[in-house]
Amino acid sequence: MTKNDVVTRFPPSPTGMMHIGNARTALFNWLYARHCEGKFLIRIEDTDRERHNDEAVEVIKESLKWLSLDYDNEPESQYENRQRHIDVANEMVKNGQAYYCYCTPEELQGMRDSAKAEGRSASYDRRWRDRPAEDAPAGVKPVIRVKAPLEGKSVINDEVQGEVIVDNSTLDDLIILRSDGTPTYMLAVIVDDHDMGITHVIRGDDHLNNTFRQNVIYDALGWDQPTYAHLPLIHGADGAKLSKRHGAVSVQEFQQLGYLPESVMNYLLRLGWGHGDQEFFSTEEAVKLFDLKGVNKSAAKFDYVKLESINAHYMKEADNDRLIDLVAPFLQTGHDMIISEIGLARLQAGMDGLKDRSKTLVELASESIFYLVDADKIAYTEKGEKHLNADAKPVLEGLLSAMKNISPFTHDAIEEGCREFANAHADGKLGKVMMPLRAALTGTDKSPSLFEAVEILGKDEVCARIQKAIQHIG
RNA sequence: GUCCCGUUCGUCUAGUGGUUUAGGACACCGCCCUUUCACGGCGGCAACACGGGUUCAAAUCCCGUACGGGACGCCA
């Protein structure tokens, strides 16, 4: 097999959200396929028909699209392949590789209990494995189970985990067809992987134990096993499997929190994989450098703070117009604000100063507001009010006439004007002038450089805001 | 409980027997810059889980212990 024969797959089950851990699995599969110039396929794991719904599939597609993980097939439904799975199961019974089992759920539970009590790993006692067909109880629908080897050892050579050996006595005769005649995941995944020509199965290591049981089916069918790579799981801060209680967990949530897709991808890539001291990777670099051998074997804890700092990095690098497009929905849903024509011009002019200071799009949105509202809509926060006191009134009044005389109304001229004013009226203390001005223009005590903001806002708007602040002080 | 996997600064990691006083990033602390908050710059704190081997030499190899995680479904 040459490199570009590689075919990987991402098999999400349609749960209505894409877990961030699954997103990383998808990333690694995609990266490996692209690195090898092979194929990356999607398959929806919906053998459990109750799980299936079209909206959930859409969520998966949208999440993949947001992450820019393109795939080389039209996502197929495992449910659609059910007849093929059933045929395979029946064939295995015919060949003596699988058998009907008539146990009731209660019997099975009893076996599990005693297996646990006796310290055995496999629980099913195989009571139907060699029983003649005549013993079948009437009216009971059987399941089909595979015949796992009774003794010896099984080995897999995992690209990440290395050689893993398991004693066959710990293997169960797993169920491949349910009593209602539907195939189980364990069967479907193998048949579909085989039929789709999957060469590399890259998945979470919660499947590592399953691998040995699944290989029984590969062997029975005479099919080649794929190359395996079991990725360590992503944990929350407390070391347990990452879940809702740790915070955001789905791709959509990270999007809503204002993270850029490239930040999420870069963060996920570095969780369990590294390339020397390098922290940031473009997609091209990641594709070029990624390899399975470099994947760590130990689980990583998800660090929201680090993701945030990576996002801050990518915000700085992002194109201004793109950021404006991205921030618009946050302004609308978070602040009920539509970007007007004049607002757009101001954002374009001020984005360099804005994006350096924001860690997320949510922050960018709130930092942008003062550029977008009209003078009479400026809302003074508690911190802004502090700078709009009686002492500030004469300062603002003086500033108002000083501003009117500045021409041309540019950054440097504004700075010069402000410094002169501070020298003449505030003992040369620029802060005494700028903080009231800042409160007047933005309503609060934090903002980008005011010389820049004043220029962008323009003389009329600045004067109007100062005027309003003076009235506000009363 | 049984089986499997793991264990380097708080976190993500570099490190594959000598190049290591164990490197980087985030976080944290300090200083500088400064019209605010940030950004940025500089500096600091901080780790090889433990115990045995193997070897001239071990974070790196082997064994054990402890701790953590995963799997043990007619879920995927």
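Hydrogens, waters and symmetry mates are skipped; everything else that's a heavy atom, side chains included, is used. Numbered from 1 within each chain, the chains take letters A, B, ... in sequence-line order.
- Note on V305(A): only backbone sugar-phosphate atoms sit closer than 4.0 angstrom, heavy atoms only; bases stay farther off.
- For the side-chain hydrogen bond (donor to acceptor under 3.5 Å, both in side chains) with Q225(A), the lone residue among N157(A), T211(A), N215(A) that qualifies is N215(A).
- The side chain of T47(A) places an N or O atom within less than 4.0 Å of a non-bridging phosphate oxygen (OP1 or OP2) of rA76(B).
- Using N1 to N3 plus N6-O4 or O6-N4 for Watson-Crick, or N1-O2 and O6-N3 for G-U wobble, each under 3.5 Å, rC37(B) pairs with nothing.
- Taking the 5.5 Å centre cut-off and the 30° plane limit, the aromatic side chain of H207(A) is classed as stacked on rA76(B).
- For the pair I165(A) CD1 and rC5(B) C1', the interatomic distance rounds to 14 Å; values are reported in whole Å.
- Scored by the side-chain hydrogen bond (donor to acceptor under 3.5 Å, both in side chains) test, E363(A) finds no partners at all (sequence neighbours excluded).
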Scoring nucleotides 28-39 of chain B by protein non-hydrogen atoms under 4.0 Å (B base, S sugar-phosphate only, - none) yields -------BBBBS
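- Shown here, rA66(B) forms a base pair with rU7(B); the pair counts as Watson-Crick or G-U wobble because both key distances fall under 3.5 Å.
- Comparing the same atom, P, in rC67(B) and in rA46(B) gives a spacing of 29 Å after rounding to whole Å.
- D192(A) places its CG atom 12 Å from the P atom of rA76(B), with the value rounded to the nearest Å.
- Figure legend. rC72(B) is base-paired to rG1(B); pairs are counted as Watson-Crick or G-U wobble with both atom distances under 3.5 Å.
- The nucleotide rU16(B) finds no pairing partner, because no Watson-Crick or G-U wobble arrangement with both distances shorter than 3.5 Å includes it.
- The pairing partner recorded for rG43(B) is rC29(B), the criterion being a Watson-Crick or G-U wobble arrangement whose two distances lie under 3.5 angstrom.
- As judged by a 4.0 angstrom heavy-atom cut-off over every strand, L233(A) is placed among residues touching the sugar-phosphate backbone only.
- Between the P atoms of rG18(B) and rG40(B), the separation comes to 36 Å (whole Å).
- Side-chain proximity of Q78(A) to the nucleotides rA76(B), rC3(B), rC74(B) is greatest for rA76(B).
- Between R120(A) and the phosphate of rG1(B), there is no side-chain N or O to OP1/OP2 separation shorter than 4.0 Å.
- For D206(A), counting side-chain heavy atoms from C-beta on, the closest listed nucleotide (rC75(B), rA71(B), rG6(B)) is rA71(B).
- For W128(A) and Y102(A), the distance between ring centers is under 6.0 angstrom.
- Picking from rC74(B), rC3(B), rC4(B) the nucleotide with the shortest atom distance to the side chain of L208(A) gives rC4(B).
- Every residue two or more places apart in sequence or in another chain that forms a side-chain hydrogen bond (donor to acceptor under 3.5 Å, both in side chains) with K293(A) is listed here: E159(A).
- A salt bridge links D193(A) with R43(A): the distance from a Lys NZ or Arg NE/NH1/NH2 to an Asp or Glu carboxylate oxygen falls below 4.0 Å.
- Look at CG on D173(A): it is 14 Å from C1' on rC74(B), rounded to the nearest Å.
- Looking at heavy-atom distances under 4.0 Å, H387(A) makes no contact with the nucleic acid at all.
- With P as the reference atom, rG15(B) and rA76(B) are 39 Å apart, rounded to whole Å.
- Base engagement by S179(A) is indicated by at least one non-hydrogen atom pair under 4.0 Å involving a base atom.
- Taking the P atoms as reference points, rC48(B) lies 31 Å from rC39(B), given to the whole Å.
- Atom NZ of K468(A) is surrounded by more than 12 heavy atoms from other residues, nucleotides or ligands within 6.0 Å.
- Across rC26(B) and rG17(B), the matching P atoms stand 30 Å from one another, rounded to whole Å.
- Following rounding to the nearest Å, K297(A) (NZ) and rG68(B) (C1') show an atom-to-atom distance of 16 Å.
- Dense packing is recorded around NZ of K316(A), with more than 12 heavy atoms of other residues, nucleotides or ligands lying under 6.0 Å away.
- The listed nucleotides are rC3(B), rA76(B), rG69(B); the one nearest the side chain of Y185(A) is rA76(B).
- The pairing partner recorded for rA58(B) is none, the criterion being a Watson-Crick or G-U wobble arrangement whose two distances lie under 3.5 angstrom.
- By the 4.0 Å N-to-carboxylate-O rule, E76(A) lies too far from R84(A) to be salt-bridged with it.
- Put simply, CG on L187(A) is 14 Å from C1' on rA76(B), counting in whole angstrom units.
- C101(A) comes within 4.0 angstrom of no nucleic acid atom, judged by non-hydrogen atoms across all strands.
- In this structure, Y218(A) has its ring center at least 6.0 angstrom away from the ring center of Y228(A).
- Within the 3.5 Å criterion, the main-chain N or O of Y79(A) finds a donor-acceptor partner in the side chain of S77(A).
- Shown here, rC28(B) is classed anti by the O4'-C1'-N9-C4 or O4'-C1'-N1-C2 angle, which is more than 90° from 0.
- In this structure, F409(A) has no ring-ring contact (aromatic ring centres under 6.0 Å, His included) partners at least two apart in sequence or on a different chain.
- Comparing rA14(B) with rG52(B), their P atoms are spaced 29 Å from each other, to the whole Å.
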Scan the side chains in residues 135-152 of chain A for donor-acceptor partners under 3.5 Å anywhere in the protein, sequence neighbours excluded, and list what turns up.
unit_1  : atom_1 : unit_2  : atom_2 : d
D135(A) : OD2    : R131(A) : NE     : 3.1
R145(A) : NE     : D173(A) : O      : 2.8
R145(A) : NH2    : D173(A) : O      : 3.4
K147(A) : NZ     : G96(A)  : O      : 3.2

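- Remark: P of rG69(B) and NE2 of H230(A) are 20 Å apart, rounded to the nearest angstrom.
- Within 6.0 Å of CD in E382(A) there are 12 or fewer heavy atoms belonging to other residues, nucleotides or ligands.
- Only the C1' atoms considered, rC63(B) is 38 Å distant from rA27(B), to the nearest whole Å.
- Using a 4.0 Å heavy-atom distance criterion, L307(A) is classed as making no nucleic acid contact.
- To the nearest whole angstrom, the two C1' atoms, one in rU60(B) and one in rA47(B), are 15 Å apart.
- Regarding K241(A), its NZ atom lies at a distance of 18 Å from the P atom of rG68(B), rounded to whole Å.
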Heavy-atom contacts, protein to nucleotides 10-24 of chain B, under 4.0 Å, summarised as B (base), S (sugar-phosphate only) or - (none) per nt, yield -SBSS--------BB
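- Between the NE2 atom of H19(A) and the C1' atom of rC75(B) there is a distance of 16 Å, given to the nearest Å.
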